[in-house]
Amino acid sequence: MKVRLQLFEFEDFSWYPNVLREGQTDFLRFLMKVFQVYRHVIPVLGKEFIQSGKSYLLDLCSGGGGTILLLRTYWKKKLNIPFHAKLTDLYPNLSAFSYISTLTEGDISFDPNSLRATEVGQDPEAFVTIFNGFHHFSPEEAEVFFSRITSQNMPVGIFEPLEKSWLQLVLNTIAILLLIFPATLFIRPFKWSKIIFTYLLPLIPICTLWDGWASVFRLYDPQRLIEMTRPYQDTYDWKIGTTKHTFGSIIYCIGIPKEA
């Protein structure tokens, strides 16, 4: 599966009802927590964060915010540094963001306003992260993003918890169909709307399944990421590759300014 297809995902559309979008992102947060999908790259990110000298993580395309919760747990156990992060999204899941902020006693804050990743402002204290979101960018948007981040001399870490394969499509299907129905009862914050649109009118499972398939076809593989970052080889050190997790591979792309 070498060709990238710019398929749509329901989450991309402004008209998509928040009740369905939040149902999807809350379920994905649940999966990230239960299976600790990013556990093999979290130590690498921690090391790069320390070396960058930045003071907090600016997380773009945060969805339900679950991965940042995992990072906080690792920070607290393994790194002798304070943890601070800010969640942002084009369509922020405010109920989930508020829940996480309260749960972490403010270690994780959030921007309640819509923020497009390609328009992120310069922040000399921020280390930018994107988890399971970069595939949403069109090739043109991806180029704009790299240009903007590097022109502002900001370190960046991009992580996709999928691999570009037919097997990944099968695994996505099995994981979603087997887990979303029993899991929804235990996902917090609890909302009756999620119950209605999971069990009575199963739009959340259907849309989650489609978006999961589309995500695989939209992935940028490591070779494509190498090509995208080539114009910035002189000013940034890049680490690009893959590592395994329970349901496939993580594609990662970490860029640190050479003067950092």
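Bear in mind that the values here come from a model prediction, so they are computed numbers and not experimental data.
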Student: Where do Phe127 and Val156 come nearest, in terms of heavy atoms and distance?
Tutor: CE2-C, 3.9 Å
Student: Sequence neighbours left out, what passes ring pair (Phe, Tyr, Trp, His ring centres under 6.0 Å) with Tyr99? Give chain and number order.
Tutor: none
Student: Parallel, tilted or perpendicular, judged at 30° and 60°: which one describes the rings of Tyr38 and Phe131?
Tutor: perpendicular
Student: Just to verify, which of Ile226, Ile254, Ile158, Ile251 counts as forming a side-chain contact (heavy atoms from CB on, under 4.5 Å) with Ile240?
Tutor: Ile226
Student: For the pair Arg4 (side chain) and Arg218 (backbone), establish whether a donor and an acceptor sit closer than 3.5 Å, ignoring hydrogens and angles.
Tutor: yes
Student: When you check the gap from the basic side-chain N to the acidic O, do Asp107 and Arg72 get nearer than 4.0 Å?
Tutor: yes
Student: Name each donor-acceptor pair under 3.5 Å that joins a side chain in residues 187-196 to protein atoms two or more places apart or in another chain, with its distance.
Tutor:
from	atom 1	to	atom 2	distance (Å)
Arg188	NH1	Leu185	O	3.2
Arg188	NH1	Phe186	O	3.4
Lys191	NZ	Glu22	OE1	2.8
Lys191	NZ	Ser95	OG	3.2
Lys194	NZ	Asp26	OD2	3.0
Lys194	NZ	Pro189	O	2.7

Student: Show me, pair by pair, the donor-acceptor contacts under 3.5 angstrom made by side chains of residues 112-121, not counting sequence neighbours?
Tutor:
from	atom 1	to	atom 2	distance (Å)
Asn113	ND2	Asp111	OD1	3.2
Ser114	OG	Leu90	O	2.6

Student: Closer than 3.5 angstrom, by distance alone: can the side chain of Glu160 be matched with the main-chain N or O of His135 as a donor-acceptor pair?
Tutor: yes
Student: For the residue pair Arg29 and Gly66, what are the closest heavy atoms and their distance?
Tutor: CG-CA, 3.0 Å
Student: Check for a donor-acceptor pair, side chain of Lys86 on one end and backbone N or O of Asp59 on the other, with a separation under 3.5 Å.
Tutor: no
Student: Can you tell me if Lys258 uses its side chain to pair, donor with acceptor, with the backbone of Gln233 under 3.5 Å?
Tutor: yes
Student: Are the side chain of Ser101 and the backbone of Ile108 linked by a donor-acceptor contact shorter than 3.5 Å?
Tutor: yes
Student: Short question: side chain of Arg21, backbone of Phe13 - any donor-acceptor pair under 3.5 Å?
Tutor: yes
Student: Counting only N and O atoms by type, is there a donor-acceptor contact under 3.5 Å from the side chain of Asp211 to the main-chain atoms of Glu9?
Tutor: no
Student: Not counting sequence neighbours, list each pair that qualifies as a salt bridge (charged side-chain N to carboxylate O under 4.0 Å, His left out) and has a residue in residues 138-154.
Tutor: none
Student: If the condition is ring pair (Phe, Tyr, Trp, His ring centres under 6.0 Å), which residues does Tyr236 pass it with, not counting sequence neighbours?
Tutor: Trp238
Student: Are the charged groups of Glu48 and Lys54 less than 4.0 angstrom apart, N to O?
Tutor: no
Student: Can you check whether Phe217's main-chain N or O pairs, donor with acceptor, with Lys164's side chain at less than 3.5 Å?
Tutor: yes
Student: Please give the remaining members of the hydrophobic cluster of Val144, linking ILVMFWY side chains under 4.5 Å, ordered by chain and number.
Tutor: none
